[in-house]
Chemist: 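Pasting in a structure now, in structure tokens, and then I'll have a few things to ask.
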Amino acid sequence: MKNIPNQIAIDGTAASGKTTVGKIVAKNLDYLFFDTGIMYRVAAYGADQKLHDVSDEAKVNEVVEMMDIALQNDTENGVTNVLLDGQNITDRLHLPEVDRIVSTVAAYPAVRTALTKQQRKIGLQGRVVMVGRDIGTVVMPDAEMKIYLEASPETRAKRRYLENLSNNIESETYEMILADIIKRDKNDRERAVAPLKPADDAVIIHTDDYSADEVAQKIFELMD
Ligand code: DC
């Protein structure tokens, strides 16, 4: 009989495999899959649409506070649809333009406070796999299982490049993606509030040489 945790936190760097692995784990357990990065992407996209620039922290905070964000979990297709002020913007959230500005917006403390509050509420419902950067450290510090995924910047850039191609996004070269990943890692690790780092009690898994299914398998083995 497996000891199945009620809350599973999966953190890690950009393109470390969190989303793919998290979805596999959630599907197997029939848990809610919740990608918190999506919320930061909505905040960045929405602020950029309104302000055409996200460098003014106070203005961004104001816009984010007014946003009406709704998430619809489409478990059948394994996607979370995102509505911003009633408009489905799901397919806009992984555009290179959003990749470039999201870590700036995610570093604003007021934005983090607003989004963390919503994430905690979802976490408290239990039977959840939540993925992000600060889930094990800040959002769900009491989660029974904490995983931290790591991979080299080169492996992650290659994964993101191939993922983009399969989504018909061809505007970014491998080198551009690698540069963006290195910059985002730095922003995410060095920000003052809730920086990216493994929780003290997280299990760290290096995913360079493993497929998403193999990583998910390792996570299931930890539940034995
Ligand atoms: O996982 P992702 O690439 O979709 O995340 C987008 C950005 O949001 C990334 O720069 C880090 C930030 N983020 C965060 O700061 N905290 C989270 N819990 C999730 C994402």
Side-chain angles (χ1 to χ4, degrees), residues 7-23 26 33-48 54 57 60-61 64 67 69 71 79-82 89-123 128-141 143 146-151 153 155-157 159-161 163-164 167 169 172 177-199 202 207 212:
Q7 295 175 318
I8 301 174
I10 304 182
D11 290 300
T13 45
S16 57
K18 304 182 299 289
T19 309
T20 316
V21 170
K23 277 182 184 168
F33 169 74
F34 187 64
D35 176 8
T36 59
I38 287 285
M39 298 183 85
Y40 290 95
R41 286 173 180 274
V42 178
Y45 174 81
D48 192 49
V54 294
E57 183 172 349
V60 170
N61 291 344
V64 172
M67 279 179 190
I69 304 172
L71 301 177
V79 293
T80 305
N81 282 316
V82 184
I89 56 156
T90 317
D91 61 353
R92 318 229 58 104
L93 297 175
H94 285 90
L95 291 176
E97 299 90 280
V98 178
D99 279 348
R100 272 194 290 273
I101 57 171
V102 65
S103 61
T104 301
V105 173
Y108 295 156
V111 170
R112 300 204 70 82
T113 303
L115 300 188
T116 298
K117 205 160 125 195
Q118 297 183 33
Q119 292 158 11
R120 280 207 184 115
K121 214 186 264 178
I122 291 165
V128 64
V129 177
M130 197 177 288
V131 309
R133 302 289 191 289
D134 60 342
I135 309 306
T137 51
V138 175
V139 179
M140 304 199 303
K146 298 179 186 176
I147 305 292
Y148 186 90
L149 300 185
E150 195 46 284
T155 300
R156 292 183 284 129
R159 284 181 190 154
R160 189 50 59 83
Y161 177 70
E163 200 178 289
N164 281 355
N167 290 324
I169 300 174
E172 304 272 282
I177 294 173
L178 179 61
D180 176 63
I181 278 183
I182 291 170
K183 183 169 158 249
R184 277 211 287 154
D185 283 356
K186 186 169 154 55
N187 283 352
D188 292 342
R189 286 197 177 104
E190 293 181 358
R191 68 174 171 236
V193 182
L196 169 69
K197 64 169 182 197
T207 71

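None of the values given here were measured: they were computed from a predicted structure. Atoms within each ligand, like the ligands themselves, are counted from 1 in listed order.
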Chemist: What are the atoms of ligand 1, with element, lying closer than 4.0 Å to any heavy atom of Ser103?
Modeler: 10 (O)
Chemist: Starting from atom 1 (O) of ligand 1, find the nearest protein heavy-atom neighbour and note its residue, name and distance.
Modeler: Arg133 NH1, 2.8 Å
Chemist: To check your reading of the model: name the closest protein heavy atom to atom 8 (O) of ligand 1, its residue, and the distance in Å.
Modeler: Tyr40 CB, 3.4 Å
Chemist: Look at atom 7 (C) of ligand 1 and say which protein heavy atom is nearest, naming residue and atom and giving the distance to 0.1 Å.
Modeler: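 Ranked first by proximity to atom 7 (C) of ligand 1 is Val102 CG2, 3.5 Å.
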Chemist: Does the side-chain hydrogen bond (donor to acceptor under 3.5 Å, both in side chains) test come out yes or no for Ser16 and Glu150, once each step is laid out?
Modeler: CA-CA 6 Å; Ser16 57; Glu150 195 46 284; over 6 Å; no
Chemist: Among all protein heavy atoms, pick the one closest to atom 16 (N) of ligand 1 and tell me residue, atom and distance.
Modeler: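 I find the closest protein heavy atom is Arg112 NH2, 3.0 Å.
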Chemist: Please write down residue, atom name and distance for the protein heavy atom closest to atom 12 (C) of ligand 1.
Modeler: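 Ranking protein heavy atoms by distance from atom 12 (C) of ligand 1, first comes Ala106 CB, 3.7 Å.
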Chemist: Select one of side chain, backbone, both or neither to describe which atoms of Met130 lie under 4.0 Å from any atom of ligand 1, heavy atoms only.
Modeler: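 None of Met130 does.
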Chemist: Taking only Lys NZ, Arg NE, NH1 and NH2, and the carboxylate oxygens of Asp or Glu, determine whether Arg112 and Asp134 approach each other closer than 4.0 Å.
Modeler: yes
Chemist: First locate atom CZ of Phe34, then atom CD1 of Ile8, and finally report the distance between them rounded to the nearest 0.5 Å.
Modeler: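 So the gap between those two atoms works out to 15.5 Å.
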Chemist: Roughly how far apart are Ile10 CD1 and Phe33 CZ, rounded to 0.5 Å?
Modeler: 7.5 Å
Chemist: Please report the interatomic distance CZ(Arg189) to CG(Asn187), rounded to the nearest 0.5 Å.
Modeler: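 If we round to the nearest 0.5 Å, Arg189:CZ and Asn187:CG are 11.0 Å apart.
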Chemist: Among all the protein's non-hydrogen atoms, which is closest to atom 4 (O) of ligand 1, and how far away is it?
Modeler: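 Going atom by atom, the protein heavy atom closest to atom 4 (O) of ligand 1 ends up being Arg41 NE, 2.7 Å.
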Chemist: Answer yes or no: does an N/O atom from Asp134 fall short of 3.5 Å to an N/O atom of ligand 1?
Modeler: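 Yes - when backbone and side-chain N and O of Asp134 are compared with those of ligand 1, one distance drops under 3.5 Å.
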Chemist: How far is atom 19 (C) of ligand 1 from its nearest protein heavy atom, and which residue and atom name does that atom have?
Modeler: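 Among all protein heavy atoms, the one nearest atom 19 (C) of ligand 1 is Thr36 OG1, 3.3 Å.
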Chemist: Would you check if there is a donor-acceptor pair between the side chains of Ser103 and Arg133 at a distance under 3.5 Å?
Modeler: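 Their side chains do not contain a donor-acceptor pair, so the 3.5 Å distance test is not met.
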Chemist: Distance check, rounded to the nearest 0.5 Å: Asn167 atom CG versus Arg160 atom CZ?
Modeler: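 Answer for the CG-CZ pair, Asn167 versus Arg160, is 10.0 Å.
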Chemist: Is it true that Asp11 and Lys197 make a salt bridge, defined as a side-chain N closer than 4.0 Å to a carboxylate O?
Modeler: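 Salt bridge flag = no for Lys197 with Asp11.
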Chemist: At a non-hydrogen distance cut-off of under 4.0 Å, which region of Gln119 contacts ligand 1 (side chain, backbone, both, or neither)?
Modeler: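 No part of Gln119 is near ligand 1 at this cut-off.
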Chemist: Using a 4.0 Å cut-off to any heavy atom of Lys18, which atoms of ligand 1 qualify?
Modeler: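 Matching atoms, with element in brackets: 1 (O).
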